[in-house]
Structures are given as structure tokens and as C-alpha cells.
Amino acid sequence: MSEVVKKFMYLNRKAPYGTIYAWEALEVVLIGAAFDQDVSVMFLDDGVYQLTKGQDTKAIGMKNFSPTFRTLGDYEVKKIFVDRASLEARGLTQDDLVEIAWEDFETEEEIENIVEVIDSARVGELMNESDAIFSF
Amino acid sequence: MSILHTVNKSPFERNALESCLKFATDGSALLLFEDGVYAALKGTAVEPHVSDALGRLKVYVLGPDLQARGFSAERIIEGISVVDYAGFVDLAAENGKVQAWL
């Protein structure tokens, strides 16, 4: 069995519910967790809307997949990044976003919130450092 | 005959709202729904354009779509009215035509 660990980045640029992209991306992240790679999830442009708190889809008759984001920490996802400029252009701050906790069940290491707001230059660097980028 | 304009695309991803605001004549109605609701929020880069339009258009936003995306009525620009699905139907009925900016 190959032990090569690759850096996977899932890049999210679409708002939730208006199109199927956000939901499909989340499915792929959850499936990808089975392959034990080094995974990061990046949100920029309208993708930052996927992480807003308080989503309630009862009245539009669609599945609310927002709570699933909070479980990403349980699927070996330890790095979640949000582009600061994308938030600012939309009048949002980190307070508007869900918090995603992470815990290593072996070492019991805990991180309260793995959602990290970063500058655009850093987004570019992280893309360069990735072995593969899955774009949604 | 009056027109109800509808915009269901994000103003940050498509130019549907921009074109709508350019061509909608004074006194028309504009309903923001689906991803179009993001244009109704305060503090965004497109707020100045929407606020300008409020002086000459009646602007509405579909509540269920706002709620789905995690935003309450307090987050929307003053002067925009929140409507439900029945309100959407009323707007379509009150106006002679519906122009959907897809």
C-alpha cells in the first residue's frame, strides 16, 4: 500500500443552495477523507457564504447541509481557510461564520475552531503548495 | 404596463442585477430571490447601487431564501421589503409582466 501523502485542496467559490456546487464539493470532501491525505478546504468569492451561521432551509424545501460543515473536523480535515477580502466585499466578518472544532482521538489534541481567515496573498501561496486542487 | 423584475443570481458572480438596474424604468418593482438575496444585505460592495435604486424602484426580497442562507431581516438594507411566497405571487399578479434576469 502506498504511503505517499498528497496535499489536497478543495476550493469553494459558489454560494450554497442556488446551485449544486457547494453540496457536491462537501460530498467529495467527505469521500476523500477515506484516502488519508493532507486535506485543506478553501472558501473564497461567494464560497464564503457556505459557512454562514444560522442557515435554515425549511421554507425552501431543500436539505440544510450547513451542520455537516461542523463535522469536517471528524473527517480528518484540519485546515479550513477563508479569504478575508471575499468576506469584506460581502459585509461579513468571522463572527458571521460557523465554528468548526477538531480533535485528534489518539493524542486528544483539541482545536476549538479550525476556520482561519487569511489574506489573499496567503491563499495564492497555499494553492502553490498544494499537490492537487479540486475546484468547485 | 408595469413590470416586476426578478433577479436570482449573486451580484458578485453575475451581472444580472447590474443589467436589471440599468434597464428597469422608474416605478418598476424588483424582487431578489435565491442567490439574488445577497444583494439585499447591508455592508456589501454592491450596497451603494442597490441603495441608489431604492429611490426609484420598489425593491423586495424573498424571506425564505434569506433565512435559508442564514440572514435575518435585520441584515437587509433599509427600504427593502421582505415578502413570502404568497407575496411573490401577489407581486407577479399586480404587475402586468414579469422579467426574469437569469
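Below, chain A is the first sequence line, B the second, and so on; all start at residue 1. The figures here come from the full heavy-atom set of this structure, side chains too, leaving out hydrogens, waters and symmetry mates.
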State whether the number of non-hydrogen atoms from other residues, nucleotides or ligands found under 6.0 Å of Lys6(A) atom NZ is greater than 12. no

Are Met62(A) and Val37(B) co-members of a hydrophobic cluster defined by side-chain heavy atoms under 4.5 Å apart? yes

More than 12 heavy atoms of other residues, nucleotides or ligands under 6.0 Å from CZ of Phe134(A): is that the case? yes

Would you say that more than 12 heavy atoms from the other residues, nucleotides or ligands in this model lie under 6.0 Å from the CZ of Arg84(A), or not? yes

Can you establish whether the number of heavy atoms outside Phe65(A) located under 6.0 Å from its atom CZ is more than 12? yes

To the nearest 0.5 Å, tell me how far Arg90(A) CZ sits from Phe12(B) CZ. 5.0 Å

Greatest number of non-hydrogen atom pairs under 4.5 angstrom with chain A, of Gln67(B), Lys42(B), Arg75(B), falls to Gln67(B)

Whether Arg69(B) engages the ring of Tyr17(A) as a cation-pi pair (distance to the six-membered ring centre under 6.0 angstrom, angle to the ring normal within 45°) should be assessed. no

Non-hydrogen atoms of chain A under 4.5 Å away: do they reach the side chain of Phe33(B), the backbone, both or neither? neither

Any link between Val5(A) and Val39(A) through a network of hydrophobic side chains (Ile, Leu, Val, Met, Phe, Trp, Tyr) touching at under 4.5 Å? no

Chain B heavy atoms under 4.5 Å from Asp46(A): which part of the residue, side chain, backbone, both or neither? side chain

In the single-linkage hydrophobic clustering (I, L, V, M, F, W, Y; side-chain heavy atoms under 4.5 Å), do Phe43(A) and Tyr21(A) co-cluster? no

Do Lys14(A) and Glu13(B) touch side chain to side chain, with heavy atoms closer than 4.5 Å? yes

Separation of Ser10(B) OG from Asp45(A) CG (nearest 0.5 Å): 9.5 Å

Glu88(A) portion near chain B, given a 4.5 angstrom heavy-atom threshold: backbone

Can Met42(A) be reached from Leu26(A) by stepping across I, L, V, M, F, W or Y side chains whose heavy atoms are under 4.5 Å apart? no

Heavy-atom closest pair (Ala59(A) atom, Tyr85(B) atom, distance to 0.1 Å) is O-CE1, 3.2 Å

Classify the ring geometry between Tyr49(A) and Phe71(B) as parallel (under 30°), tilted (30 to 60°) or perpendicular (over 60°). perpendicular

Does Glu78(B), at its CD atom, have more than 12 non-hydrogen atoms belonging to other residues, nucleotides or ligands within less than 6.0 Å? no

Output for pair (Leu41(B) CG, Leu92(A) CG), nearest 0.5 Å, gives 7.5 Å

Side-chain donor or acceptor of Thr57(A) paired with backbone N/O of Ala68(B) under 3.5 Å: no

Can you tell me which portion of Glu34(B) sits under 4.5 Å from chain A's heavy atoms? Options are side chain, backbone, both or neither. neither

If you look at every heavy atom in Thr19(A) and Asp35(B), which pair is closest and at what distance? N-OD2, 4.3 Å

